[in-house]
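A short worksheet on the structure shown next.
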There are 2 protein chains.
Amino acid sequence: MGRRKGPSLTREDVVQAALTLVRLEGADALGVARVARELGIRPPSLYNHVASGPELAVATSFAAQRLLVDDLTDAVRGVDDPRAQLETLCRAIRRWVHANEGLYALMARVEPQPDHPDAGATDRALLDLFLRPLGQLGVPVDRRVHAIRALRSAVHGFVLLESARQFQLAADSEVSFELLIDAVIRGLVNAG
Amino acid sequence: MGRRKGPSLTREDVVQAALTLVRLEGADALGVARVARELGIRPPSLYNHVASGPELAVATSFAAQRLLVDDLTDAVRGVDDPRAQLETLCRAIRRWVHANEGLYALMARVEPQPDHPDAGATDRALLDLFLRPLGQLGVPVDRRVHAIRALRSAVHGFVLLESARQFQLAADSEVSFELLIDAVIRGLVNAG
DNA sequence: TTAAAAAACTAATGCAAGTAGTTTCACGGC
DNA sequence: GCCGTGAAACTACTTGCATTAGTTTTTTAA
């Protein structure tokens, strides 16, 4: 029982299977044995493609992040007004998380890898998506980093609480979200 | 080798050990075997006090939440101005998370248990801590739920990103945080 | 054509969660 | 003071995951 005839699995296949698995069954379901079963191979064979369980999680998280950034890039294409761009970004993140709860939970759980080769590109792309409209809105350079952190925090916290079903009171989440991003954006533009 | 002489462990002891463990080694370290080792007993004996691993995590999370709420209650004691109360609450949450990163990560990871007997009291206490100053600030009743969600989201997102070391650029986090909560509070008070 | 690398496998170890059944101690009723 | 019941510990065991070592087969490149 050695290598099988025909095309064999790639690391891409493995990450793809992991993405699907996490999408369907949540971040807790991610594991070497589980992904191997999904691919129809034995667990040890997966180590031909990933170094370890944690590394599989990191790779899957990076892939998910790229999916998110691509989605956001599409979302703001064609939006001209900088403020509308910011709102569009926030809403697009929330929509993506609704459609990919497990993946976002995974991204939140995996420790960032500052030295990882895949880290730079998508991180920078995400940053730029927010930086451009902030600049156009006249936010001074030395406050843009703080502004991005504020916006990211607000959206991140909201979508996490929302998908963890921590908003138990009967009130429309849409309204809460619009109120939040409107408050933050207004506050950032007229900062004192 | 049956029961040992002298006083035996209680569920409180177990939760206490779990709290200490998570504080020192993070939420990932929490498990039946690990807590049992910490207490000097064999893993199966722990099931005399908790029903399962997940239930241990839930109990620990509830205990952590109570610690947080108690800390916040102390923090706002003696603060009169409602706006200052809100700011104090936000800063106290952040300070607590800095001192208890693992516990906060655990709370974020454990699914909420709407029917759990321990759930109501602390949830309500936390809610009330925010509700009172919002009322005093003149936020209309039908917007208070949204306002609380917005504030919680902002603080939650910020502290999670911060303790996950996702703020990689060299800029003072204190400034970012103050900017965020100021923007949100201002936005909530002058909501349109 | 052939040697090396890649990709699968089997076998086995170690550890965590959980179950079943056993032993020993503490405590309340007599 | 004695005794029975239940609580709290134990041992032994099963199952499942992560991981390592070593083997076989196929692909690929020299």
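Below, each value reflects all heavy atoms present in this structure, side chains not excepted, and no hydrogens, waters or symmetry copies. Computed from a predicted model, the values in this text were never measured in an experiment. First the proteins, then the strands, lettered A, B, ... as listed; each starts at 1.
- Atom CD of A:Q85 sits about 12.0 Å away from atom CG of A:L72, to the nearest 0.5 Å.
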Apply side chain to side chain contact (heavy atoms under 4.5 Å, CB included) to B:F167 and A:H146, showing your working.
CA-CA 10 Å; B:F167 294 153; A:H146 300 301; over 6 Å; no
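- Counting to the nearest Å, the C1' atom of D:dA9 and the OH atom of B:Y47 are 15 Å from each other.
- Checking B:Y104 against B:H98 by side-chain atom types alone, no donor-acceptor pair falls below 3.5 Å.
- Distances shorter than 4.0 Å separate some side-chain N or O of A:H49 from OP1 or OP2 on C:dA8.
- In this structure, A:S45 reaches the C:dC9 phosphate: one of its side-chain N or O atoms is under 4.0 Å from OP1 or OP2.
- Distance A:E12 CD to C:dA7 C1': 16 Å, rounded to the nearest Å.
- Comparing atom distances between the A:K5 side chain and each of C:dA17, D:dT20, D:dT27 picks out D:dT27 as nearest.
- Nucleic acid contact for B:P54: sugar-phosphate only, since backbone atoms but no base atoms lie under 4.0 Å from a heavy atom of the residue.
- Using modelled atom types and a 3.5 Å distance limit, the side chains of B:N48 and B:S45 yield no donor-acceptor pair.
- Sequence order on DNA chain C of the closest nucleotides to B:A51 and A:R3 puts A:R3 first from the 5' end.
- Heavy-atom minimum distance, B:L39 versus B:L46: CD1-CD1, 3.9 Å.
- The stretch residues 20-44 of chain B touches DNA chain D through B:I41, B:R42, B:P44, each having a heavy atom within less than 4.0 Å of the strand.
- Side chain A:N48 to base C:dA8: a donor-acceptor pair is found below 3.5 Å.
- Comparing A:G53 and B:R4 by the nucleotide of DNA chain D whose heavy atom lies nearest to each, the residue mapping closer to the 5' end is B:R4.
- Checking A:L19, A:V110, A:V15 one by one against A:S61, the side chain to side chain contact (heavy atoms under 4.5 Å, CB included) holds for a single residue, A:V110.
- When heavy atoms are screened at a 4.0 angstrom cut-off, A:S8 is found touching the sugar-phosphate backbone but no base atom.
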